[in-house]
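All remarks here apply to the structure that follows.
Read the numbers this way: they start at 1 and go in the same order the structure lists the ligands and their atoms.
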Amino acid sequence: VSNQQDQIIAITVAGGVGRRMASETPKQFLPLDGKPLLMHSLEVFDRHPAIGAQCVVLDPAYHAMIHTEAPWTSLSKPLILTEPGTERADSVRSGLRAVRDQAAIVLIHDAARPLLTSAMIDSTLAHAREGRGAIVARPVAETVKRADAGQRIAETVDRRDLWIAETPQTFPFELIWRAHERAESQGLALTDDAQAVEALGESVALCPAESPNPKITVAQDLGVVEALLRSRGEGAVAR
Ligand code: C5P
């Protein structure tokens, strides 16, 4: 492992407790196509030639298992494990601290989005190599309404400029570090990482997702994702 800040490092946040899942097994370990949900993303990062190491933000109760048991031990790149925080943004900051002395560029990814592809990595990475942030995103296809206090329609929002933010969200390390530090000191509540960079006034590119990668939130989402996975082709390697 290099100690210089020259690596491209993937940080996967898997520290959520999944309260909406109503399941004994934490969401990140539920089986999807015969593998724990979390493993799907880790394998894509492991196979991608540009990525030098990865960091997983996960409850310390699982760290020993990841280091010693199958299927995790099949991962070939250096794996840094660190503990989560209260909110997603705290977990991301924990990951950033853990890779601080090694990372030139970081890709921040939700473990709850297992349909990661190497095309998503490439599209965001191209911007980060030029010094900008970039996120995978999806144009809004539905008609969007804003509600009033009485749950009646206040207005129809013009959807032409609206995008759904997904992950990976990829940044030069120095930029996302500075952005998250400032967001924390200002008490800014974040639901993604780009928002911290936006607050600095820096522009962040939107990279249209070429294939769906929905976030698994409730147990029923697993079936949908499994169907999407199978539709990509039996045993197909994510591009
Ligand atoms: O809760 P939400 O669906 O937004 O979580 C998105 C991702 O962030 C999940 O992969 C979850 O494990 C992670 N997370 C985390 N630490 C938290 C909350 C969420 O790593 N405190």
Whether Asp33 and Arg230 form a salt bridge (side-chain N of Lys/Arg under 4.0 Å from carboxylate O of Asp/Glu) is what I want to check.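 Looking at Asp33 together with Arg230, the answer is yes, because their closest N to O distance falls below 4.0 Å.
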Tell me whether Asp192 is salt-bridged to Arg88, with the criterion being a basic N under 4.0 Å from an acidic carboxylate O.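 Salt bridge between Asp192 and Arg88, a charged N being under 4.0 Å from a carboxylate O: no.
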Distance filter under 4.0 Å to [X] heavy atoms, resulting ligand 1 atoms:
X      : answer
Thr86  : 21 (N)
Lys215 : 2 (P), 3 (O), 4 (O)
Ala112 : 10 (O)
Ala111 : 10 (O)

Tell me which part of [X] gets within contact of ligand 1: side chain, backbone, both or neither, using heavy atoms under 4.0 Å.
X      : value
Glu87  : backbone
Thr217 : neither
Ser91  : side chain

Mark yes when over 12 heavy atoms from residues, nucleotides or ligands other than Glu155 sit less than 6.0 Å from its CD; otherwise mark no.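 Buried by this count: over 12 neighbours within 6.0 Å.
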Exceeds 12 heavy-atom contacts within 6.0 angstrom, atom CD of Glu181: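 Yes.
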Considering distance alone, does some N or O of Val57 sit under 3.5 Å from an N or O of ligand 1?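 N/O-N/O distance under 3.5 Å: no.
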Polar proximity ligand 1 side, Gly16 side, N/O cut 3.5 Å exclusive: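 Yes: some nitrogen or oxygen of Gly16 is under 3.5 Å from one in ligand 1.
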Quick one: does any side-chain atom of Arg159 pair with a main-chain N or O of Ala141 as donor and acceptor, under 3.5 Å?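 Side chain of Arg159 to backbone of Ala141: a pair is present.
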Closest to atom 9 (C) of ligand 1 among Ile11, Thr12, Val13, Leu37 (heavy-atom distance):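 Selected option, by shortest heavy-atom distance: Val13.
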Could you tell me which residues satisfy ring-ring contact (aromatic ring centres under 6.0 Å, His included) with Phe29, sequence neighbours excluded, listed by chain and number?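 ring-ring contact (aromatic ring centres under 6.0 Å, His included) list for Phe29, sorted by chain: Tyr62, Trp72.
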Counterpart residues, side-chain hydrogen bond (donor to acceptor under 3.5 Å, both in side chains), relative to Asp122 (two or more places apart):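 Partners of Asp122 by the side-chain hydrogen bond (donor to acceptor under 3.5 Å, both in side chains) criterion, ordered by chain and then number, come out as His48.
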